[in-house]
Amino acid sequence: MCIQLVWFKRDLRLHDHPALSAAAARGPVLPLYIVEPSLIHAPDFSARHWTFIRGCLIELRANLARLGQPLVVRVGEAVEVLEHLVSTWPIEAIWAHEETGNLLSYARDRAVRRWARARGIPFHELPQNGVVRRLPSRDEWQARWEERMAASQARPPSALPPLAIDPGSIPTPDELSLPPDTLSEHQPAGETAALQVLADFLRRRSQHYHRALSSPLTAWEGCSRLSAYLAWGALSIRTVVQATRHRIAELAFDPSPATRSWVRALNAFESRLHWHCHFIQKLEDEPEIEVRNLVRAYDGMREENHRPDLLVAWAGGRTGYPFVDACMRALTTTGWLNFRMRAMLVSFVAYDLWQHWREPALILARRWIDYEPGIHYSQMQMQAGTSGNRTIRIYNPVKQGIDHDPEGIFIRRWVPELAHVPTPYIHTPWLLDRHGQERAGCRIGRDYPAPIVDHEAAYRRARAVIAAVRARPETAQEAAAVHQRHGSRTWRPQRRPSKTVSSRQLRLDL
């Protein structure tokens, strides 16, 4: 009896799982998940990630068990685990999906390929999204993406012959010696929850998506909330694209103004699904994006200004800017934030605090439940101004709060020190006189910090320094080369986005 080993990684589902379907068509399957110490103790990983992954694994094991063979879980580095299994079981081939992860997982996959070649074991890595491995040119990418999204979804096997193998336990964060999970609000994990959230979004919550996604007051309900399921593979992006197009087709039969508006909302959402893979493709093509500037002319621009004290204040939601602090505290508690507010947090640390993007990227990676390396590092660099984009986006933290939380509802929820500050001062409490502060029960500098930087001064400095770097001839040459390699080509959004939010700011609000 020859066995097909299916290695689950960021693809924790049964439906539309090409690797599982292909392996099951060839013989008995040993479904495997490897808990890799090098990855779970890496600086971009946290207990909240494992809590979500573990929930997905528990359901995946149950679903596979109903087919006949439960998920096998082993703790160890990939090559050593695979070597042990191959030494004790007649493994004919290994099946997995292509993964565009961090540099650690990239090195791990290369090591597994070398090991498999040396062992003479076929190692099949299949695409699972719109990211194209060894893409010759960006000119071809859009057509390849569309071809994959239109393809039929892979069907799960109807049955899996049972194997006499100990499935192993799915370890808890404590058993893995991970720091405590600080989340107090957990997003439900697993494929069933993912499909339910998708259906609820398409049938109900998506109606006002294009209007709800910018403000944290409405985004929690108005955004799809699918990003964590896509990041860890509890749902395939092809499933989401096809379900979205099916829903648009259903609504197209109703000519009412409300339904036409709903179709516009879903068209806006579908556009972001294109950009999801577009950004991951950048990391696939250039893995070093994780650790170095895309445009090397920006090297040295911020490094000498490293201030750990400012990073601690920013990460702790203690900058003295209420809207920034509310967003950071909400993220710390829930593991999620809408994209515009994510961009503001990066803008603040990159421009107001003038810190290099790399350390903040790790801090945020540990906090996002939906941490997707390809999107994360591309976006960090774009918002920090090192990716060669023509537009520099420096967010005014006070204006953002006034625009998206005018009454201070979001601020009062997440920064309770300011709960009784009068609304005219909720975004600038330092302007409230001492008597007003006493009446509000919040002394600035004692109960809540004064602003740790002056935004206007920081804005002027950032603009001047970046303008000086951009004035160098080599900067323009490098930026043009980056655009040629990574820039989008033929696809454009079907609808012009709102004038209040640029199209690139809208593209990743899943």
Please confirm whether W357 and Y298 have ring centers closer than 6.0 angstrom.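 They do not qualify: ring centres at least 6.0 Å apart.
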Please report whether the ring centroid of Y209 lies less than 6.0 Å from that of F201.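 Between Y209 and F201, which both carry aromatic rings, the centre distance is below 6.0 Å.
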So, does [X] use its side chain to make a donor-acceptor pair with the main chain of [Y] at under 3.5 Å?
X	Y	value
Q381	I289	yes
D370	A231	no
R307	Q355	no
Y351	A384	yes
S378	I375	no
E478	R296	yes
R393	M344	no

Do the non-hydrogen side-chain atoms of [X] and [Y] ever get within less than 4.5 Å of each other?
X	Y	result
F269	S206	no
L418	V421	yes
F323	V398	no
F410	V415	no

With distance as the sole criterion, is a donor-acceptor pair present between the side chains of [X] and [Y] under 3.5 Å?
X	Y	answer
S387	N389	yes
Q187	W336	no
T333	E185	no
R133	Q281	no
T182	R48	yes
H278	R138	yes
D352	W314	no
S215	R340	no
S347	Q383	no

Compute both the distance and the angle, then confirm whether R272 meets the cation-pi test with F339: under 6.0 Å from the six-membered ring centre, within 45 degrees of the axis.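 Cation-pi check for R272 and F339: fails.
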Is it true that atom CZ of R110 has more than 12 heavy atoms of other residues, nucleotides or ligands lying nearer than 6.0 Å?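 Incorrect, the count does not exceed 12.
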If the threshold is 4.0 Å, N to carboxylate O, is there a salt bridge linking [X] and [Y]?
X	Y	value
R461	E456	no
R292	D299	no
E99	R108	yes
R205	D200	yes

Decide ring pair (Phe, Tyr, Trp, His ring centres under 6.0 Å) for Y321 and F348; before the verdict, give the C-alpha distance in whole Å, the side-chain angles of both, and the deciding distance to 0.1 Å. CA-CA 10 Å; Y321 285 91; F348 190 86; 5.3 Å; yes
Please work out whether the ring planes of F45 and W232 are parallel, tilted or perpendicular, with thresholds of 30° and 60°.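 Answer is perpendicular, since the angle exceeds 60°.
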Parallel, tilted or perpendicular, judged at 30° and 60°: which one describes the rings of F52 and Y229?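 Rings of F52 and Y229: tilted, 30 to 60°.
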Over all heavy atoms of both residues, which pair between [X] and [Y] is shortest? Give the atoms and the distance, please.
X	Y	answer
T239	L198	CG2-CD2, 4.2 Å
R412	A419	NE-O, 3.0 Å
A189	C56	CB-N, 3.8 Å
I411	D405	N-OD2, 3.0 Å

Using the rule given for salt bridge (charged side-chain N to carboxylate O under 4.0 Å, His left out), can you reason through E417 versus R443, listing the C-alpha separation, both sets of side-chain angles and the distance that settles it, and then say yes or no? CA-CA 9 Å; E417 308 97 295; R443 282 281 303 277; over 6 Å; no
